[in-house]
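First up is the structure itself, then whatever we jot down about it.
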Amino acid sequence: QVQLVESGGGLVQAGDSLRLSCAASGRTLSTYAMGWFRQAPGKEREFVAAISWSSSYKYYLDSVKGRFTISRDNAKNTVHLQMNSLKPEDTAVYYCAARSVAAASTKAFEYDYWGQGTQVTVSS
């Protein structure tokens with residue numbers, strides 16, 4: 001079992017930055033692919049970013065490319081999502097997810113473990 005806990009969300013203004021963190025316990029993440037997803041009120045959960053176990057492969061939602069960066073520190077069992085130039089449309093609950101294979105995926109159903117989520121609100 002893997003337990004994931006997100007942190008770093010908050011209320012910011014458009015153009016600001018936030019850094020989300022996901023801390024894992026229970027098992028080492030070094031062989032897990034990791035992803036970030038988000039869900040806005042009244043909308044389905046959507047893929048945001050994903051990273052392979054070795055950090056060799058990273059994938060992003062088109063609308064966040066150039067603004068968000070996913071990274072991981074396997075020694076610390078953590079994954080981060082640096083979010084710059086935030087926009088009101090980025091407002092959502094952000095979830096960290098772990099996939100018990102090395103390859104990253106953009107599909108939520110391919111992830112095995114999920115955190116509780118952290119709220120990000122961007123005001124205009």
Restricting to side chain to side chain donor-acceptor pair (under 3.5 Å), what partner residues turn up for [X], sequence neighbours left out?
{"X": "Q119", "answer": "T121"}
{"X": "S21", "answer": "H80"}
{"X": "K65", "answer": "D62"}
{"X": "S85", "answer": "none"}

Which atom names give the shortest non-hydrogen contact between [X] and [Y], and what distance separates them?
{"X": "A23", "Y": "T78", "result": "CA-CG2, 4.3 Å"}
{"X": "M34", "Y": "L4", "result": "CE-CD2, 4.2 Å"}
{"X": "A92", "Y": "A40", "result": "CB-N, 3.8 Å"}
{"X": "S55", "Y": "I51", "result": "OG-CD1, 3.6 Å"}
{"X": "L86", "Y": "V12", "result": "CD1-CG2, 3.8 Å"}

With sequence neighbours excluded, tell me which residues meet side chain to side chain contact (heavy atoms under 4.5 Å, CB included) with [X].
{"X": "T106", "answer": "F47, Y59"}
{"X": "Q82", "answer": "S17, R19, T69, N84"}
{"X": "S54", "answer": "S52, S56"}
{"X": "A102", "answer": "W53"}

Q) With under 30° as parallel and over 60° as perpendicular, where do the rings of W114 and Y95 fit, or are they tilted in between? A)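 The rings of W114 and Y95 stand perpendicular, inter-plane angle above 60°.
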Q: On the 0 to 90° scale, with breaks at 30° and 60°, tag the F37-Y111 ring pair as parallel, tilted or perpendicular.
A: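 Plane angle over 60°, so perpendicular.
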Q. Heavy-atom distance under 4.5 Å between the side chains of V79 and W36, does that happen here?
A.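 Of all side-chain heavy-atom pairs linking W36 with V79, at least one is under 4.5 Å.
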Q) Taking the side chain as C-beta and beyond, is there a heavy-atom pair between D16 and L18 under 4.5 Å? A) no
Q) Taking Y60 for the side chain and I70 for the main chain, is one N or O donor matched with an acceptor at less than 3.5 Å? A) yes
Q.
Using only atom types and a distance under 3.5 Å, with no angle test, would you say the side chain of N77 pairs donor to acceptor with the backbone of R27?
A. yes
Q | Over 12 non-hydrogen atoms of neighbours within 6.0 angstrom of NZ in K58 | A |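 More than 12 heavy atoms, drawn from other residues, nucleotides or ligands, come within 6.0 Å of this atom.
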Could you name each residue pair satisfying salt bridge (Lys or Arg N to Asp or Glu O under 4.0 Å) that touches [range], not counting sequence neighbours?
{"range": "residues 93-109", "result": "R99-E110"}
{"range": "residues 4-13", "result": "none"}
{"range": "residues 34-54", "result": "R38-E46, R38-D90"}

Q) How many angstroms lie between OG in S124 and CD in Q13, if you round to the nearest 0.5 Å? A) 9.0 Å
Q. Which residue pairs pass the disulfide bond (SG atoms under 2.5 Å apart) test with at least one member in residues 9-82, sequence neighbours excluded?
A. C22-C96
